[in-house]
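Everything below concerns the one structure shown next.
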Amino acid sequence: MSSTNNFMLGFCLVILFVNAASIDYGEALTKSLLYFEAQRSGKLPSNQRVEWRGDSALNDGKDDGIDLTGGYYDAGDNVKFGFPMAFTITMLAWSATEFESQLNSKNELKNTLNAIKWGTDYFIKAHKESHVLYGEIGEGISDHKCWERPEDMTTPRSVYKIDEQHPGADLAGETAAALAAATVAFKESDSGYSNQLLTHAKELFDFAKKFPGVYTSSIPVADKFYGSSGYEDELLWAAVWLYKATKDKSYLDYINEKSTSCGGTRLNFSWDDKYIGAQVLIAKDLLENKFAGNESTLLNEYKKNAEEFICNCIQKGQNNIQKTNGGLLWWNYWNNLQFVTTATIVITTYADTLSATKNSLQCSSGNVEPLQLINFVKSQVDYILGENPQKMSYMVGFGTNYPQEVHHRGASIVSIKKDKKPVGCQEGFDQWFNRNAPNPNVLVGAIVGGPDNSDNYNDSRDNYKQAEAATANSAPLVGVLARFAS
């Protein structure tokens, strides 16, 4: 081979290497976990790393004689919505259990467990009695009329709960799932805490089974913001996690009972619809031969539905998910990336189990190898992190081009650490929300709603459908980023 050819081969290899190394998944992982610290409510700990935030909502629950401080604000407002918060914690715990070694190798396992514990500590407080669960602090309508930092908000901190007379099986079920998943996550590092979480998870599952109904019938103020389409999926999801945590046959019996109505092939996986998560976890266990023969037969319906969803995502199914011209999976104009991130953890965990068990995925249009699935997930993650037509990272603070006007009260107003003067309800709109300038505080690690179905993004604070981030967007991506970083 000539020296010219040698040079060109070397040049091409360098280019390939540069392209392959252009996205630092380890940095994205670290930043994704910082985001949860920015969303903390309550008294901040001494090891708080997001320094522009301060203590907030320190009297939550006081008027009702209960300490309900802590937990997370869901998105860009100052309400603590229990339903999406519980899903966020379940997804973080799934990341911690499924990708424990990868998180550990990147020195992020402790930060992941800290993020989980900030939520589970709050759920323990909110679960005051076996059949009582506080499900919302603050109220969306009044909160949205003000634009204030959480540190000096003046909106009412009303408390809302479910109990035997006012049930909410979806809220109780999802919180049970979060606590059961966290039970598994903490089993090795803190067995005492793990056992405490399991006690609460069992009680909440029992509560959810005995007192059915959607939680928004009991907490109607939540309906406009996090309305629930049903509760059977949360009960199933909780049973799957409780079975993983305990191996108690009663939970497997429940899963088997529901196998004839296991949700079918779902359109998405989200804070409202948990069927795919349950289906995939069961399918993974089937691949690993964790069930006896008769149980296996009953559970195959879950596997069939899980696999069809994955086939639809990768464009090889019977009802493929829409994609943008730039290659992003597309479900909804409002906060589309929440569905993309949940799809990534579903496909990644299943691909890894297929690989470990030497299997492949059978789709209607052909056989798919595990590596093809991982490459598809990588295309979605890379799109989020900047490999897209806008060349914009939809993770705030990652790369050089990312959203500057995130729809977020705390990030958009000068930090209380820099200016302690309270910002009033209307003053926040006048001086900060309507200001055509970058947010003074960078909401590092947040995943915004993302581009439209034409790959366009309008970086404007009042564009809440695209420019608002939420904890449920970021949580599913934590483990996937650890998997790609290791």
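Owing to the predicted nature of the structure, the values given are computational and were not obtained by experimental measurement. Numbering of residues begins at 1 and proceeds along the displayed sequence.
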Problem set entry | Check: F123 ring centre within less than 6.0 Å of H200 ring centre | no
Exercise. Looking only at atom types and distance, does a side-chain atom of N78 sit under 3.5 Å from a main-chain N or O of E148, one as donor and one as acceptor?
Worked result: yes
Problem set entry | Set of residues satisfying side-chain contact (heavy atoms from CB on, under 4.5 Å) with respect to S95, sequence neighbours excluded | I345, V478
For this session: Inspect the contact between K258 and E232 and indicate whether a charged nitrogen and a carboxylate oxygen are less than 4.0 angstrom apart.
Result: yes
Problem set entry | Backbone N/O of W118 and side chain of R40: donor-acceptor pair under 3.5 Å | no
For this session: Establish, for the pair K247 and Y243, whether the NZ or CZ atom is under 6.0 angstrom from the six-membered ring centre and no further than 45 degrees off its axis.
Result: yes
Exercise. Within the distance-only criterion (no hydrogens, no angle test), does the side chain of E151 pair as donor or acceptor with the backbone N or O of R53 below 3.5 angstrom?
Worked result: no
Exercise. Is a donor on one side and an acceptor on the other found under 3.5 Å between the side chain of T341 and the backbone of N473?
Worked result: yes
Exercise. Between F309 and F269, does the ring centroid distance fall short of 6.0 Å?
Worked result: no
Exercise. What pairs with S101 under side-chain contact (heavy atoms from CB on, under 4.5 Å), at least two apart in sequence or on another chain?
Worked result: none
For this session: Output all residues satisfying salt bridge (Lys or Arg N to Asp or Glu O under 4.0 Å) with K210, sequence neighbours left out; order by chain, then residue number.
Result: D206
Exercise. Between the main-chain N or O of G140 and the side-chain N or O of D77, is there a donor-acceptor pair closer than 3.5 Å?
Worked result: no
Exercise. How would you list, by chain and number, every residue that makes a salt bridge (Lys or Arg N to Asp or Glu O under 4.0 Å) with E308, sequence neighbours excluded?
Worked result: none
For this session: Please work out whether the ring planes of Y254 and F205 are parallel, tilted or perpendicular, with thresholds of 30° and 60°.
Result: perpendicular
Exercise. Does any pair with a residue in residues 47-117 pass disulfide bond (SG atoms under 2.5 Å apart), and if so which ones, sequence neighbours excluded?
Worked result: none
Problem set entry | Side-chain (N305) to main-chain (I276) donor-acceptor, under 3.5 angstrom | no
Problem set entry | side-chain contact (heavy atoms from CB on, under 4.5 Å) partners of T88, counting only residues at least two apart | F36, L92, T471, A472, A475
Distance-only criterion, 3.5 Å: show the donor-acceptor pairs between side-chain atoms of residues 167-190 and protein atoms not counting sequence neighbours.
{"from": "D170", "atom 1": "OD1", "to": "Y215", "atom 2": "N", "distance (Å)": "2.8"}
{"from": "D170", "atom 1": "OD2", "to": "Y215", "atom 2": "N", "distance (Å)": "3.2"}
{"from": "D170", "atom 1": "OD2", "to": "S228", "atom 2": "OG", "distance (Å)": "2.6"}
{"from": "E174", "atom 1": "OE1", "to": "W237", "atom 2": "NE1", "distance (Å)": "3.2"}
{"from": "E174", "atom 1": "OE1", "to": "K274", "atom 2": "NZ", "distance (Å)": "2.7"}
{"from": "E174", "atom 1": "OE2", "to": "T90", "atom 2": "OG1", "distance (Å)": "2.7"}
{"from": "E174", "atom 1": "OE2", "to": "W237", "atom 2": "NE1", "distance (Å)": "3.3"}
{"from": "T175", "atom 1": "OG1", "to": "L171", "atom 2": "O", "distance (Å)": "2.7"}
{"from": "T183", "atom 1": "OG1", "to": "L179", "atom 2": "O", "distance (Å)": "2.7"}
{"from": "T183", "atom 1": "OG1", "to": "L198", "atom 2": "N", "distance (Å)": "3.3"}
{"from": "K187", "atom 1": "NZ", "to": "A245", "atom 2": "O", "distance (Å)": "3.1"}
{"from": "D190", "atom 1": "OD1", "to": "Y193", "atom 2": "N", "distance (Å)": "3.1"}

Problem set entry | Aromatic ring pairing F83/W271, orientation class (parallel under 30°, perpendicular over 60°, tilted between) | perpendicular
For this session: Specify the closest pair of heavy atoms between M395 and S32, including all atoms of both residues, with the distance to one decimal.
Result: CE-CB, 3.9 Å
Problem set entry | Any donor-acceptor pair under 3.5 Å from T216 side chain to G227 backbone | no
Exercise. To the nearest 0.5 Å, what is the distance between CD1 (I413) and CZ (R409)?
Worked result: 8.5 Å
Exercise. Who pairs with E129 by salt bridge (Lys or Arg N to Asp or Glu O under 4.0 Å), at least two apart in sequence or on another chain?
Worked result: none
For this session: Using the disulfide bond (SG atoms under 2.5 Å apart) rule, collect all pairs that involve residues 168-273, keeping only residues at least two apart or in two chains.
Result: none
Problem set entry | Near-ring test Y35/Y72, centroid separation under 6.0 angstrom | no
Seminar exercise, completed: Residues at least two apart in sequence or cross-chain that pass side-chain contact (heavy atoms from CB on, under 4.5 Å) with Q102, listed by chain then number, are F99, A482, R483, S486
Exercise. Would a distance-only check, ignoring hydrogens and angles, find a side-chain to backbone donor-acceptor pair under 3.5 Å from Q279 to G264?
Worked result: yes
For this session: Please list all pairs passing the disulfide bond (SG atoms under 2.5 Å apart) test where one or both residues lie in residues 57-159, with sequence neighbours left out.
Result: C146-C425
For this session: With sequence neighbours excluded, tell me which residues meet salt bridge (Lys or Arg N to Asp or Glu O under 4.0 Å) with D273.
Result: R266
Seminar exercise, completed: For V159 and I137 the tightest heavy-atom approach is CG1-CD1, 3.7 Å
